[in-house]
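Each chain gets a letter, A, B and so on, in the order its sequence line appears, and its residues count up from 1.
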There are 4 protein chains.
Amino acid sequence: MADTHIPAGLAPPRRGRPRSEQADRAILAAAAQILAERGLSGMSIEEVASRAGVGKTTIYRRWTSRGTLALDAFLAEFQGQQPLPDTGTLRGDLLAALRAWIRAVTRTSAGPILAGLIAEAQRDPELAVAWRVRVVERLRSQHKIMLDRAVERGEISAGTDYEVVLDLLFGAAYHRLLHGHQPLTDRFARQVVDLVIAGIERS
Amino acid sequence: MADTHIPAGLAPPRRGRPRSEQADRAILAAAAQILAERGLSGMSIEEVASRAGVGKTTIYRRWTSRGTLALDAFLAEFQGQQPLPDTGTLRGDLLAALRAWIRAVTRTSAGPILAGLIAEAQRDPELAVAWRVRVVERLRSQHKIMLDRAVERGEISAGTDYEVVLDLLFGAAYHRLLHGHQPLTDRFARQVVDLVIAGIERS
Amino acid sequence: MADTHIPAGLAPPRRGRPRSEQADRAILAAAAQILAERGLSGMSIEEVASRAGVGKTTIYRRWTSRGTLALDAFLAEFQGQQPLPDTGTLRGDLLAALRAWIRAVTRTSAGPILAGLIAEAQRDPELAVAWRVRVVERLRSQHKIMLDRAVERGEISAGTDYEVVLDLLFGAAYHRLLHGHQPLTDRFARQVVDLVIAGIERS
Amino acid sequence: MADTHIPAGLAPPRRGRPRSEQADRAILAAAAQILAERGLSGMSIEEVASRAGVGKTTIYRRWTSRGTLALDAFLAEFQGQQPLPDTGTLRGDLLAALRAWIRAVTRTSAGPILAGLIAEAQRDPELAVAWRVRVVERLRSQHKIMLDRAVERGEISAGTDYEVVLDLLFGAAYHRLLHGHQPLTDRFARQVVDLVIAGIERS
DNA sequence: TCGTAACCGAGACGGTACGTCTGGTCTTTTT
DNA sequence: AAAAAGACCAGACGTACCGTCTCGGTTACGA
């Protein structure tokens, strides 16, 4: 896992006392707890340190900012919930992926945290990069596999612009998450997928 | 204009000294200047007050939070840049609207400010409401007029779900603005519009 | 009465609306009430105005500072409680005067208010002058009458320095009021008077 | 020295970074400077911090109020100026003590500062206690030694009430300092001492 | 086995901004 | 012209966190 933070154990057995892996765990656990309770904007390094029973320096030694710490705490849970479906049809795959995302965002505490991370990334360039690399592109490369399979199956043309397709699918979902003007329902997932697939096939 | 803030002059001539409209203007101008220079996260009430030559209380009397002040300062410029196109075809209308949005966001300082406002709305519930009501829904009701005309012209079915269509179009654009994983080009605008229109017609 | 404030009704019937004597009374009453409740340091012009149902300007038009207003509110009650005793002996007179002062200061709310006024006079030069003229010198000229009578009766020498004698008597009392290191008892009054009289007669 | 503030170095080597004694000194120096320039009422924590090149929290960590900080800054200088005289006679001792006090109060900036501290103590209970314990009682216990010696020498009766005697002596002096109705001259010192000693011997 | 390097928790450091409060003034409409 | 009302600028308040910096102490490695 290509973490944001300089992890506890690194290849060349460095001199001096090694990073405490227990501190790592305590920090991430404390951060996750606060994130779930009050969201990213309610999480201060100060409180993470005090809850984890850790000095603030111990946190700053590992993470450069509140945002990258929150990202690690968040991904520990979120990443596993975003599978790579393989249902045999593009529609099935896209629907499954979008539904998994919507489920995580509406059923768990991931929604506000995810929104908070995107918010924080607007002011923390380092988090912006980490977010793009470790979340956006990671997920997109998974989703592109689904599109590859659809091309192989002949469902869609080889010339399809994956980027636009995925921006449409997930852009719409993020839109509702961030602005809250409409709910993230299962019906919405179906409508989006159907419309996009229809659009791909026709254009 | 249904402002976020309690404006200077209200209908019933209130008792006591009236709010100074000059202070209103000075505050909004100072806020707009700082927003353009350093974005919302770099704007403090303290500095707005000092640049506007105004006491902090004079600001807090009018706006409840940094976010709602920034929203007013932002909308003063942004709102005029989002016209209601009428080109005769749905494709032309949607393309014009999307292009205007992309132009504002990429060519002016509106991009980071807009992103900053969305970010701030994730932690300021009052701004969230104002944002939804005064920006999202305001723009969407404009855009729905374009869809209405397309229905009248017989371009699209009367049963089309406007919400989903608009979420796809602008969700994709906001997606690129907020995550920065892909550029907001004119080609992107065309691809999005074409794919969505194709999707509407087929589904 | 040579008040600190510019009073409501003045000799030349001035032009325009006359000062409201009711406002005068309401202000003084409100001030007295707050003084009794929370002392001078807990009294703000803002609150006096709001309790008196009066604009702040109406207060500032009459008094130049919090201190001088408090002084007027205080003297309305205090002044009557400091009589000019005439018992036939110097000891009796001084004791009666000191006892009256101690009674007012320990039995009523005058103690903290008086201390608060002296405190305020250290930072408000205008109050300092008013305090000296309207309280200190006023009382002292009364007390000097007692000493005059003692001279006439042959109890003390005509060369006695009244100022020093009065500073000793009341200085000691104010000392205990302000520093609170010892109580203001009746025994204390007797000891002070006895010692001072003995000192006068011998020196 | 039983300071008002939690001092920099305490007996058991506390955990964490120790209080900076340099900050202590810088704060006290800045406070003393401002006190001399503008008196206690003209001294704000904000300015002390900025002049000392110190964060406000660094001050609040050590002192609970403006008054107790001013007290420490004041005593650093004042305390040394109040010696315990030993001239061989009560009159000589009392006169020397009173003269030292008057000199400090009239010749240095101590006068207004002292008055300001007494004023502040009327509104700050914590300062009131500190003032009583660290100034009033400290000086009085010194002065009582002079009275003890006078008793030993047979100058005054063993039954003399020290408290009353000292209240008369210094009460008169504080009286003139606080009300400013008469000057604090050397003649005044002599008159007060003579009258009090005469009173003690006779009563 | 000993020194030294890097870690650890604790907590102080200089700062920035917060949102509130009050002071004394100014500007309305109403009397 | 004075009244009540309430907005105005100014600036200090005490608090919360920021990210950094000492402390005394611990834990590993390499000499």
Exercise. Given atom CG of B/D124 and atom C1' of E/dC18, what is their separation to the nearest angstrom?
Worked result: 14 Å
For this session: State which residues pass side chain to side chain contact (heavy atoms under 4.5 Å, CB included) with D/A26; sequence neighbours excluded, sorted by chain then number.
Result: D/A52
For this session: Please determine if B/R66 and B/E46 form a salt bridge, counting it only when a charged side-chain N lies under 4.0 Å from a carboxylate O.
Result: no
Exercise. How many Å lie between CD on D/Q22 and C1' on F/dC21, as a whole number?
Worked result: 14 Å
Seminar exercise, completed: When rounded to whole Å, the CZ to P distance for the pair A/R66 and F/dC17 reads 10 Å
Exercise. Nearest-Å distance, CZ (A/R62) to C1' (E/dG9)?
Worked result: 12 Å
For this session: Applying side chain to side chain contact (heavy atoms under 4.5 Å, CB included), name anything that partners B/A73, two or more places apart in sequence or on another chain.
Result: B/L28, B/A31, B/A32, B/L35
Exercise. When you check the gap from the basic side-chain N to the acidic O, do D/D24 and D/R62 get nearer than 4.0 Å?
Worked result: yes
Problem set entry | d(CD, A/E120; P, F/dC18) in whole Å | 10 Å
For this session: Starting from C1' on F/dA12, measure out to CZ on C/R123 and report it in whole angstrom.
Result: 14 Å
Exercise. Under 4.0 Å: is that the gap between some side-chain N or O of B/R15 and OP1 or OP2 of F/dA4?
Worked result: no
For this session: Could you list the residues that satisfy salt bridge (Lys or Arg N to Asp or Glu O under 4.0 Å) with B/E47, not counting sequence neighbours?
Result: B/R38, B/R51
Problem set entry | Those residues that, when tested against A/S65, pass side chain to side chain donor-acceptor pair (under 3.5 Å) (two or more places apart) | A/T68, A/D124
Seminar exercise, completed: Between CG of B/L69 and C1' of E/dG19 the distance, given in whole Å, is 15 Å
Exercise. Closer than 4.0 Å, any side-chain N/O of D/R17 to the OP1 or OP2 of F/dC23?
Worked result: no
Exercise. Going by number, which of residues 42-59 of chain C have a non-hydrogen atom under 4.0 Å from DNA chain E?
Worked result: C/S44, C/I45, C/E46, C/K56, C/T57
Exercise. Who are the side chain to side chain contact (heavy atoms under 4.5 Å, CB included) partners of B/T57, not counting sequence neighbours?
Worked result: B/R61
Exercise. In whole angstrom, what separates A/W63's CH2 from F/dG19's P?
Worked result: 15 Å
Seminar exercise, completed: Quick note, B/R19 side chain, CB onward, closest among F/dC8, E/dG24, E/dC7 is F/dC8
For this session: Tell me whether the OP1 or OP2 atom of F/dA2 has a side-chain N or O from C/R61 closer than 4.0 Å.
Result: no
